[in-house]
Participant: 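The following block contains the structure, expressed as structure tokens.
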Number of protein chains: 4
Amino acid sequence: MLKRLPRVVREQQMLDAAVQVFSRRGFHAASMDEIAEVAGISKPMVYAYLGTKEELFLTCLRREATRLMEAVAAGVRPASRPDEQLWNGLRAFFAFVGAHRDGWRVLYRQARSEPHFAGELAGMRARIVEVVASLLEGACAQAEAAKPARPDDFLAMAYAYVGAAESLADWLADHEEEDPEHTATRMMNFVWVGADALLQGRVWRAQAE
Amino acid sequence: MLKRLPRVVREQQMLDAAVQVFSRRGFHAASMDEIAEVAGISKPMVYAYLGTKEELFLTCLRREATRLMEAVAAGVRPASRPDEQLWNGLRAFFAFVGAHRDGWRVLYRQARSEPHFAGELAGMRARIVEVVASLLEGACAQAEAAKPARPDDFLAMAYAYVGAAESLADWLADHEEEDPEHTATRMMNFVWVGADALLQGRVWRAQAE
Amino acid sequence: MLKRLPRVVREQQMLDAAVQVFSRRGFHAASMDEIAEVAGISKPMVYAYLGTKEELFLTCLRREATRLMEAVAAGVRPASRPDEQLWNGLRAFFAFVGAHRDGWRVLYRQARSEPHFAGELAGMRARIVEVVASLLEGACAQAEAAKPARPDDFLAMAYAYVGAAESLADWLADHEEEDPEHTATRMMNFVWVGADALLQGRVWRAQAE
Amino acid sequence: MLKRLPRVVREQQMLDAAVQVFSRRGFHAASMDEIAEVAGISKPMVYAYLGTKEELFLTCLRREATRLMEAVAAGVRPASRPDEQLWNGLRAFFAFVGAHRDGWRVLYRQARSEPHFAGELAGMRARIVEVVASLLEGACAQAEAAKPARPDDFLAMAYAYVGAAESLADWLADHEEEDPEHTATRMMNFVWVGADALLQGRVWRAQAE
DNA sequence: AATGAATGAGTATTCATTCAT
DNA sequence: AATGAATGAATACTCATTCAT
């Protein structure tokens with residue numbers, strides 16, 4: 001029905017369609033029929049090019065994740081100060097989510113809820129968390145006297161920060177009117193001030209009741 | 001085949017089974033057959049007592065949410081200082097999640113990924129976020145000179161904190177070995193110190209590049 | 001829940017409920033649950049008193065049919081002139097249908113559409129058709145010279161008349177505002193005049209084309 | 001498993017099967033499984049081409065009704081005398097019913113007993129009744145002096161006639177040995193003579209008792 | 001290369017019917 | 001006598017996946 005297109009182009013069309021449908025319906029409720037229809041192509045083509053529904057979903061997942069990572073990486077100048085790195089990373093991150101809301105929903109919601117894909121996703125997050133952790137560590141090293149607790153505390157903090165960022169991103173994905181730049185500012189603000197204080201040795205302790 | 005039990009008892013059995021299965025498989029992949037089997041009862045009973053799969057899921061959702069809220073409320077002494085309130089709330093929260101990992105997965109993952117239930121869930125979160133926001137506000141009022149920015153900044157902060165807590169809770173849910181008390185300490189630590197600094201007027205600003 | 005009632009009374013309550021529900025939903029769509037509920041009694045009681053769904057339906061069928069027959073029989077004075085008999089019979093018939101619309105629907109529609117009960121019903125109709133046929137024959141004998149065709153022509157006419165009456169009755173069942181007396185007049189009018197003419201030897205014939 | 005056939009062909013096969021099964025079992029008792037099996041095709045095809053059970057039934061209903069109407073229309077010469085029109089119409093009608101007994105059972109019995117389809121059917125009947133009524137009116141106009149009562153008497157008569165015809169048709173549908181031509185003659189005979197007499201002003205009246 | 005035709009396998013849901021109390 | 005509890009069996013409907021053309 002459509003004119004012949006080189007395989008790579010077709011594949012991207014299909015992936016676009018798949019991301020859109022997966023985002024709208026969720027993995028299970030999405031039907032290969034609808035995906036094919038949205039892609040403007042017949043179902044057997046989808047199978048021929050991208051395999052099983054699961055494989056298709058995984059491919060979507062990886063494409064979106066890769067794009068996200070690349071977008072963030074492109075926004076950060078590795079040589080700059082840690083807080084600038086973080087700031088630019090967050091800007092890039094929220095900007096990407098704001099521009100690819102469907103993709104984010106697939107990544108953050110669908111992939112997470114399907115036990116089958118959780119592993120794949122966990123790996124991706126782990127890599128991100130590590131990057132953030134090493135950023136924190138770098139900031140700490142740069143700061144004068146900071147001696148923050150045990151070594152995996154950086155990881156824990158990073159984990160919590162990533163969680164907070166994802167949560168804001170998720171909210172952003174559902175609110176067309178929100179300005180990604182604004183979200184980034186908020187996040188940066190509260191993350192960095194908190195982190196800074198922590199890194200300077202301020203600690204909260206439960207007091208004897 | 002099994003003994004006759006009064007309705008209330010059976011309903012709880014069924015809900016337990018449902019939470020377990022929903023948690024393991026996700027909403028769509030969970031089958032009413034499996035739920036009935038796990039509950040040790042025949043499918044028609046599930047329908048008779050708890051209705052449609054959707055209704056069943058909603059009932060699970062609400063039961064778990066209610067329990068969670070009650071657990072947290074029971075842990076907090078309303079008259080205590082804000083940081084103590086927060087600390088006790090977080091302890092209760094993580095303790096609950098640690099003790100009801102299945103329930104948490106249902107709440108946090110499955111409910112979120114199904115467009116159909118997202119609304120219900122969003123409402124619950126909103127209530128929590130508001131509580132946290134008012135805690136922050138209370139802390140701010142109690143502190144001497146703090147005059148933090150705009151009024152909805154409390155909300156934004158609360159939102160991010162809740163996101164971070166959920167993220168840690170989610171991680172907790174998947175790691176049997178993690179000690180909830182420890183998770184709570186980490187969370188409290190970095191939240192409170194950050195918040196405290198923020199509330200005292202420290203702000204991070206992007207610098208001219 | 002209800003107070004103890006003698007069996008016969010209970011049975012009538014149940015049959016009333018059953019007729020109502022069967023009429024509203026049709027045989028298949030009617031559920032024993034609803035029947036029990038409408039009867040204000042528990043399901044096992046229905047089974048205990050009236051047996052299977054099929055048996056229950058048959059019992060309804062027979063009760064309604066019997067009542068109808070009796071009502072008609074009560075309306076007719078056997079010694080009167082044929083046309084008067086017919087007239088009174090029709091009046092009684094339409095009056096009954098008007099007063100028992102539910103029962104009529106069960107008899108005429110549901111019973112007919114269920115292959116399983118068609119036989120039972122066919123028998124009842126056969127008896128009615130015969131009565132009408134003998135009425136016609138009586139009228140013919142009474143009339144002076146009439147010599148209508150072959151013997152089973154009375155039956156055929158009767159059959160058609162009964163069909164027409166049923167059709168009008170069916171229409172009556174669905175129109176609350178229609179006056180049964182009026183329906184009876186119409187029917188009588190066109191039946192009798194037609195019959196009269198036929199019985200006097202007037203015949204329509206296809207003409208050579 | 002079976003040969004690939006173009007959609008249009010398969011659809012007709014399915015409709016044939018559906019009419020047969022609906023006729024034999026009734027709407028509710030008919031199972032999509034059986035219909036598919038009789039059609040020699042798998043169930044999903046039935047759903048793909050003809051939709052829901054209800055939609056399938058409606059499609060059957062309309063196909064049979066359309067065919068019936070067309071058969072009758074084809075039999076009647078519009079320019080001929082009213083009685084000839086009626087006669088030819090009846091011949092065509094009974095011939096059709098005799099040749100499509102299954103279809104008639106679906107139309108007349110099943111559709112009528114399902115409250116859900118009664119409306120659709122009522123509309124069709126209404127159109128037929130009107131045609132007959134206008135035939136009667138035409139005959140009346142043609143006849144010399146006739147001045148039959150009120151205007152809707154034509155409708156009432158037509159209604160009763162149609163009921164009678166349906167009743168005979170229904171009987172015909174269940175009796176393989178009956179000759180449709182013969183049925184038509186009987187019907188015509190008693191209808192026309194009766195109508196003729198009526199139209200000439202003969203009226204039956206209840207006498208003072 | 002591309003697709004309409006086709007299906008096996010599964011899932012939610014309902015209902016007549018029966019026990020245990 | 002009366003009922004809440006319980007189920008076996010069925011049925012409509014869907015969907016990922018594959019062929020034949």
Side-chain angles (χ1 to χ4, degrees), chain A residues 1-7 10 28-36 41-49 51-57, chain B residues 1-11 28-36 39-49 51-56, chain C residues 1-7 10 28-36 41-49 51-57, chain D residues 1-11 28-36 40-56:
Chain A
M1 203 157 268
L2 279 183
K3 54 181 184 218
R4 307 259 171 126
L5 290 178
R7 172 160 187 152
R10 270 281 146 84
H28 266 100
S31 82
M32 295 297 269
D33 271 292
E34 187 178 359
I35 292 174
I41 213 116
S42 76
K43 239 188 318 179
M45 287 300 290
V46 180
Y47 279 90
Y49 280 14
T52 295
K53 192 184 183 186
E54 271 190 19
E55 290 164 351
L56 172 56
F57 187 82
Chain B
M1 210 159 261
L2 272 187
K3 271 229 317 263
R4 304 255 164 143
L5 290 179
R7 173 164 186 153
V8 201
V9 178
R10 271 283 139 86
E11 278 183 349
H28 268 102
S31 85
M32 295 298 268
D33 271 294
E34 187 178 358
I35 292 174
I41 208 114
S42 75
K43 233 186 329 176
M45 286 303 292
V46 181
Y47 280 91
Y49 282 0
T52 302
K53 192 182 181 185
E54 267 189 23
E55 289 164 349
L56 172 56
Chain C
M1 201 155 273
L2 279 184
K3 53 182 185 213
R4 306 260 169 126
L5 290 178
R7 172 159 186 149
R10 270 282 147 84
H28 267 101
S31 82
M32 295 297 270
D33 271 291
E34 187 177 359
I35 292 174
I41 213 122
S42 76
K43 240 188 319 176
M45 287 302 289
V46 180
Y47 279 89
Y49 279 14
T52 295
K53 192 183 183 185
E54 270 189 20
E55 289 164 352
L56 171 56
F57 187 82
Chain D
M1 209 156 264
L2 272 187
K3 270 231 316 266
R4 305 254 162 146
L5 290 180
R7 173 164 187 153
V8 201
V9 177
R10 272 282 138 86
E11 278 183 350
H28 267 101
S31 85
M32 295 298 268
D33 272 293
E34 187 178 358
I35 291 175
I41 209 112
S42 75
K43 230 190 326 178
M45 287 304 292
V46 180
Y47 281 91
Y49 282 0
L50 295 166
T52 304
K53 194 182 180 185
E54 267 188 25
E55 288 165 349
L56 172 56

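By convention in this document, chain letters (A, B, ...) are assigned in the order of the sequence lines, proteins followed by strands, and residues within each chain are numbered from 1.
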Participant: 5'-most contact on DNA chain E: D:Met45 or C:Glu54, nearest heavy atom basis?
Facilitator: D:Met45
Participant: OP1 or OP2 of F:dA2 versus the side-chain N and O atoms of C:Tyr49: is any pair under 4.0 Å?
Facilitator: yes
Participant: In whole angstrom, what separates B:Arg7's CZ from F:dT3's P?
Facilitator: 17 Å
Participant: Could you report the tightest heavy-atom contact between D:Ala29 and C:His28, atom names first, then the distance?
Facilitator: CB-CE1, 3.6 Å
Participant: Pick the nucleotide of DNA chain E nearest each of B:Lys53 and C:Lys53; which residue has the one closer to the 5' end?
Facilitator: B:Lys53
Participant: Going by purine N1 to pyrimidine N3 plus the second Watson-Crick contact, or the G-U wobble pair, all under 3.5 Å, which nucleotide sits opposite E:dA12?
Facilitator: F:dT11
Participant: Just to confirm, is there a sub-4.0 Å distance from OP1 or OP2 of E:dA2 to any side-chain nitrogen or oxygen of A:Arg10?
Facilitator: yes
Participant: Take atom CG of C:Leu56 and atom P of E:dC15, then tell me their distance rounded to the nearest Å.
Facilitator: 16 Å
Participant: For DNA chain F, whose closest nucleotide is more 5', that of D:Thr52 or that of A:Met32?
Facilitator: D:Thr52
Participant: Should the side chain of B:Lys43 and the base of F:dT7 be counted as holding a donor-acceptor pair, with the cut-off at 3.5 Å?
Facilitator: no
Participant: For F:dC15, does OP1 or OP2 lie under 4.0 Å from any side-chain N or O of D:Tyr47?
Facilitator: no
Participant: Determine the contact category for B:Ala30: base if any of its heavy atoms lies under 4.0 Å from a base atom, sugar-phosphate if only primed atoms, P, OP1 or OP2 are that close, otherwise nothing.
Facilitator: sugar-phosphate
Participant: Identify the nucleotide, in any strand shown, that forms a Watson-Crick or G-U wobble pair with E:dA20, with both distances under 3.5 Å; if there is none, say none.
Facilitator: F:dT3
Participant: When rounded to the nearest 0.5 angstrom, what distance separates CD1 in B:Ile41 from OH in B:Tyr49?
Facilitator: 7.5 Å
